[in-house]
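Notes for the one structure printed next.
Source: prediction; values computed, not measured.
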Amino acid sequence: MGDNHKSLYAKLTVDVVIGPVLERLEGKDISAAQTLRAAIGKADTSLPGLAFDFVRVLLRKAEISEKVDLCETLLRLGGATETDELRIPRSEPIYQELNHCAGDLKRILSRIPEQIYDRKQFLETIKEIANSIKTLLDAVNRVIGEMAPSENGSKQILEDRKKDFVRYSKKFSNTLKDYFRDTNQNQNVFISANYLIYQTNVIMKTVRQECY
């Protein structure tokens with residue numbers, strides 16, 4: 001794993017490893033879970049990447065760090081885990097549709113490590129990803145269309161997050177083109193897919209913050 005992508009892995013670790021663990025803990029001891037969540041959040045804000053470094057140390061202590069590809073593992077978890085923090089609690093159809101579209105895209109992206117080595121299957125997966133990206137963007141546009149102008153600029157904030165998502169979607173597409181010219185670049189596909197999952201999470205957090 002290169003340090004160039006440490007920031008991405010650090011953020012995904014919070015979303016797809018720490019978050020789901022704490023959510024399960026809340027079902028058993030909500031007070032302890034909330035205390036731990038607050039402490040981890042504060043520590044990770046003061047020392048960005050602390051949660052990720054902690055996971056890496058655990059893997060080294062367990063002597064399995066060489067056997068675990070964190071980039072690939074985070075990608076698999078990105079579509080397999082879903083927390084309340086990454087879902088919109090509002091009941092209106094446009095928000096429920098956004099929840100569905102975001103979850104669907106992440107699930108398809110998380111299948112890449114399993115399917116990338118089967119060219120025919122992978123090409124079908126790429127088509128699914130392209131369709132899912134379009135569907136998610138349509139859902140985001142519908143939410144933006146329903147947002148009233150406000151002094152805090154919520155509508156523009158979500159527009160900006162959408163632009164970021166589109167930019168990373170294009171990077172993902174270019175990474176796939178490079179991969180088919182050189183199939184040894186599968187790790188770059190995993191990295192690009194992880195960025196796309198993270199950008200999807202950013203959109204969901206933004207909508208939750210600005211519309212809830």
**Message:** Assess the residue pair Ile116 and Phe190 against the criterion (side chain to side chain contact (heavy atoms under 4.5 Å, CB included)); give the C-alpha distance rounded to whole Å, side-chain angles, the decisive distance to 0.1 Å, and a yes or no.
**Reply:** CA-CA 10 Å; Ile116 194 170; Phe190 298 160; 4.2 Å; yes
**Prompt:** Can Asp138 and Arg142 be said to form a salt bridge (Lys or Arg N to Asp or Glu O under 4.0 Å), step by step?
**Reply:** CA-CA 6 Å; Asp138 288 343; Arg142 279 189 281 275; 5.2 Å; no
**Request:** Take Asn188 and Gln185, measure what side-chain hydrogen bond (donor to acceptor under 3.5 Å, both in side chains) needs, and give me the verdict at the end.
**Result:** CA-CA 5 Å; Asn188 289 338; Gln185 297 191 40; 3.2 Å; yes
**Request:** Assess whether salt bridge (Lys or Arg N to Asp or Glu O under 4.0 Å) is satisfied between Glu124 and Lys120, documenting all intermediate values.
**Result:** CA-CA 7 Å; Glu124 289 300 317; Lys120 182 178 179 181; over 6 Å; no
**Message:** Test side chain to side chain contact (heavy atoms under 4.5 Å, CB included) on Thr135 and Asp104; report intermediate values, then the result.
**Reply:** CA-CA 10 Å; Thr135 303; Asp104 192 47; over 6 Å; no
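Between the side chain of Ser173 and the backbone N or O of Ser169, no donor-acceptor pair lies under 3.5 Å. With hydrogens and angles disregarded, no donor-acceptor distance shorter than 3.5 Å links the side chain of Arg107 to the backbone of Ala80. Looking only at distances, a side-chain donor or acceptor of Asn141 sits under 3.5 Å from a matching main-chain atom of Leu137. Checking side-chain atoms of Ser132 against main-chain N and O of Glu128 turns up no donor-acceptor pair under 3.5 Å.
A single hydrophobic cluster is not seen to contain both Ile94 and Ile157; linkage of ILVMFWY side chains at heavy-atom distances under 4.5 Å, directly or through other members, places them apart. Under a hydrophobic-cluster definition in which Ile, Leu, Val, Met, Phe, Trp and Tyr are linked whenever side-chain heavy atoms come within less than 4.5 Å, directly or via other members, Ile203 and Met147 are assigned to the same cluster. Criterion: ILVMFWY side-chain heavy atoms under 4.5 Å apart, direct or through other members. Under it, Leu98 and Leu158 are part of a common hydrophobic cluster. If you chain together hydrophobic residues whose side chains sit under 4.5 Å apart, Leu86 and Val17 never meet in one group. Ile197 and Val14 fall into different hydrophobic clusters, where Ile, Leu, Val, Met, Phe, Trp and Tyr are joined by side-chain heavy atoms under 4.5 Å apart, directly or via other members.
Looking at Arg87 and Gln96, their side chains come closer than 4.5 Å, going by heavy atoms from C-beta outward. The side-chain heavy atoms of Leu123 and Lys127, taken from C-beta on, include no pair separated by under 4.5 Å. Side-chain atoms of Glu159 and Gln156, non-hydrogen and from C-beta on, do get closer than 4.5 Å to each other. No side-chain heavy atom of Val143 sits under 4.5 Å from any side-chain heavy atom of Ile88. Side-chain atoms of Tyr195 and Thr175, non-hydrogen and from C-beta on, never get closer than 4.5 Å to each other. Asn194 is listed as a side-chain neighbour of Tyr9, based on a closest heavy-atom distance under 4.5 Å. In this structure, the side chains of Arg111 and Ile108 come closer than 4.5 Å at one or more pairs of heavy atoms. Contact check for Cys71 versus His5: no side-chain heavy atoms found under the 4.5 Å cut-off.
For Thr200, the side chain to side chain contact (heavy atoms under 4.5 Å, CB included) partners at least two apart in sequence or on another chain are Ala102, Leu105, Lys106, Leu136, Phe165. Residues that satisfy the side chain to side chain donor-acceptor pair (under 3.5 Å) test with Arg167, not counting sequence neighbours, are Asp164.
Atom CE in Met204 sits 12.0 Å away from atom CG in Asp15 (nearest 0.5 Å). From Ile126, atom CD1 reaches atom CZ of Arg119 across 8.5 Å, with rounding to the nearest 0.5 Å. Taken to the nearest 0.5 Å, the CD atom of Glu72 stands 11.0 Å off from the CD1 atom of Ile112. Atom-to-atom distance recorded for Leu8:CG and Leu74:CG is 8.0 Å, nearest 0.5 angstrom. In this structure, CG on Asn186 lies 4.0 Å from OH on Tyr117, to the nearest 0.5 angstrom. With rounding to the nearest 0.5 angstrom, the CG atom of Asp160 is 9.5 Å from the OG1 atom of Thr206.
Taking each heavy atom of Ala139 and Cys101 in turn, the nearest pair found is CB-SG, 4.1 Å. Nearest heavy-atom pair, Phe172 versus Ser192, reported as atom, atom and distance to 0.1 Å: CA-OG, 3.0 Å. Residues Leu109 and Leu75 come closest through the heavy atom pair O-CD1, 3.6 Å. Closest heavy-atom contact between Arg76 and Ser110: O-CB, 3.6 Å.
In this pair, Phe180 and Phe122 present their aromatic rings tilted. The plane angle is within the 30 to 60° band.
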